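Quick caveat: nothing in here was measured; it's all calculated off a predicted structure. Labels below follow one simple rule: chain letters A, B, ... track the order of the sequence lines, proteins then strands, and each chain is numbered from 1.
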Protein chains: 2
Amino acid sequence: MNNTTVPTIELTERSRGSRCCANDSAPRLSAEAAQQLSDDLQLLAHPIRLQILDMLTRREGQVCVCDLEAALPVKQPTVSHHLKLLRAAGLIDCERQGLWAYYFVRRDALAALRARVVGQIAGL
Amino acid sequence: MNNTTVPTIELTERSRGSRCCANDSAPRLSAEAAQQLSDDLQLLAHPIRLQILDMLTRREGQVCVCDLEAALPVKQPTVSHHLKLLRAAGLIDCERQGLWAYYFVRRDALAALRARVVGQIAGL
DNA sequence: ACAATGCATTGAAGATTGTCAATGTATTTG
DNA sequence: CAAATACATTGACAATCTTCAATGCATTGT
């Protein structure tokens, strides 16, 4: 190792301009993890969806869309829209009985979501 | 109390049309609480902001904007934009030293936010 | 004073989200 | 079958969010 010819090249490059922070540190939260957590949070981050989840959690298995519509300050298509989002995410599901659709929470999926969210934001 | 004249009026009104759910129940989560929780979640629900919070939490008091910009897949104005949002919410703050701005987490505010979020979604 | 640097702000453009009237689809009831 | 009911879907619109080039503003080094 003949390092006698190049004494302090790396040092000059670093010290030129007096850098603010020496460490180039990638975030411990990876881009993928951040995206996943962001998706989870985004799904919850709407007052109507939160109230829907709240109502479905309280009244196990007996909530039809007309009940939700009556209790929420939005019209029926909007309720259906948010129900569809929650259903696509696997958080809720429904069972049609004749003319009505009874929605219910998928407790395991909701617990898994809650575990991911709580676990990740604990590290912040 | 002369209830002899009106025997089953209320019953007929209820049973007409065979309602889906008898109970009209307001959500336990009030509209105000839902809005507050939604705001908290919305602030966190972005991968860049999550990674910023993560970096600031790890490296106490020595993170300048150029570091964030180097570690994140967005340009400098975008970094400044997200920093401004987090700062307006009181989650972070900065201290200018000469040419650089060192950002840091307000641990108490972040803890309060985390407590609100965890406390509320525990009830879902 | 001048050039360079770090960061904030502005303004514009595109993407996403939220809402609802109108309409469609089943199902029940008369 | 026809009317009524519960819900889903479509399509359009407005509002909000996200991003970045351009620019502005201090501060530092020459």
Asker: Between the side chain of A/Arg107 and the main-chain N/O of A/Thr57, is any donor-acceptor distance below 3.5 Å?
Answerer: yes
Asker: DNA chain D: B/Pro77 or B/Gln97, which has the more 5' nearest nucleotide?
Answerer: B/Pro77
Asker: Over how many whole Å does the gap from A/Leu85 atom CG to C/dT16 atom C1' extend?
Answerer: 12 Å
Asker: Check whether the side chain of B/Gln76 and the base of C/dA8 form a donor-acceptor pair under 3.5 Å.
Answerer: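 Indeed there is one.
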Asker: Measure the distance from NZ on A/Lys84 to C1' on C/dT17 and round it to the nearest whole Å.
Answerer: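 To the nearest whole Å, that distance equals 15 Å.
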Asker: Compare every heavy atom of A/Tyr102 with every heavy atom of A/Phe104, then report the nearest pair and how far apart it is.
Answerer: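 Reported closest heavy-atom pair: CD2-O, 3.8 Å.
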Asker: Could you please name the option among C/dC20, C/dA8, D/dT19 that lies closest to any side-chain atom of A/Val74?
Answerer: C/dC20
Asker: Could you check B/Glu69 against A/Pro73 and say which one's nearest nucleotide on DNA chain C is further toward the 5' end?
Answerer: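 Closer to the 5' end of DNA chain C: B/Glu69.
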Asker: To the nearest Å, how far apart are A/Lys75 NZ and D/dA14 P?
Answerer: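 To the nearest whole Å, that distance equals 19 Å.
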Asker: Which heavy atom of B/Arg58 sits nearest to which heavy atom of A/Gly123, and what is that distance?
Answerer: NH2-O, 3.4 Å
Asker: What's the CG-P distance between A/Asp67 and D/dC7, to the nearest Å?
Answerer: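 Rounded to the whole Å, the gap is 8 Å.
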Asker: Report yes if at least one side-chain N or O of A/Tyr103 is closer than 4.0 Å to OP1 or OP2 of D/dA6; otherwise report no.
Answerer: no
Asker: Please determine whether side chain to side chain contact (heavy atoms under 4.5 Å, CB included) holds for the pair B/Val105 and B/Leu86, giving the CA-CA distance in whole Å, both sets of side-chain angles, and the decisive distance to 0.1 Å.
Answerer: CA-CA 9 Å; B/Val105 183; B/Leu86 292 171; over 6 Å; no
Asker: B/Ile48 has an atom CD1; how far is it from atom C1' of C/dA15, in whole Å?
Answerer: 16 Å
Asker: Output the distance between atom CG (B/Leu50) and atom CD1 (A/Ile121), rounded to the nearest 0.5 Å.
Answerer: 9.5 Å
Asker: Rounded to the Å, how far apart are A/Leu83 CG and C/dC20 P?
Answerer: 14 Å
Asker: Looking at D/dC7, C/dA8, C/dT19, which one has an atom nearest to any side-chain atom of A/Thr78?
Answerer: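 Of all the options, the side chain of A/Thr78 is nearest to C/dT19.
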Asker: Round to the nearest Å and state the distance from A/His46 atom NE2 to D/dA15 atom C1'.
Answerer: 12 Å
Asker: A/Arg96 has an atom CZ; how far is it from atom P of D/dT5, in whole Å?
Answerer: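 It is 16 Å, rounded to the nearest whole Å.
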Asker: Answer with base, sugar-phosphate or nothing: what part of the nucleic acid does A/Arg49 contact at a heavy-atom distance below 4.0 Å?
Answerer: sugar-phosphate
Asker: Within the 4.0 Å heavy-atom criterion, would you say A/His81 contacts the bases, only the backbone, or no part of the nucleic acid?
Answerer: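 The residue A/His81 makes base contact.
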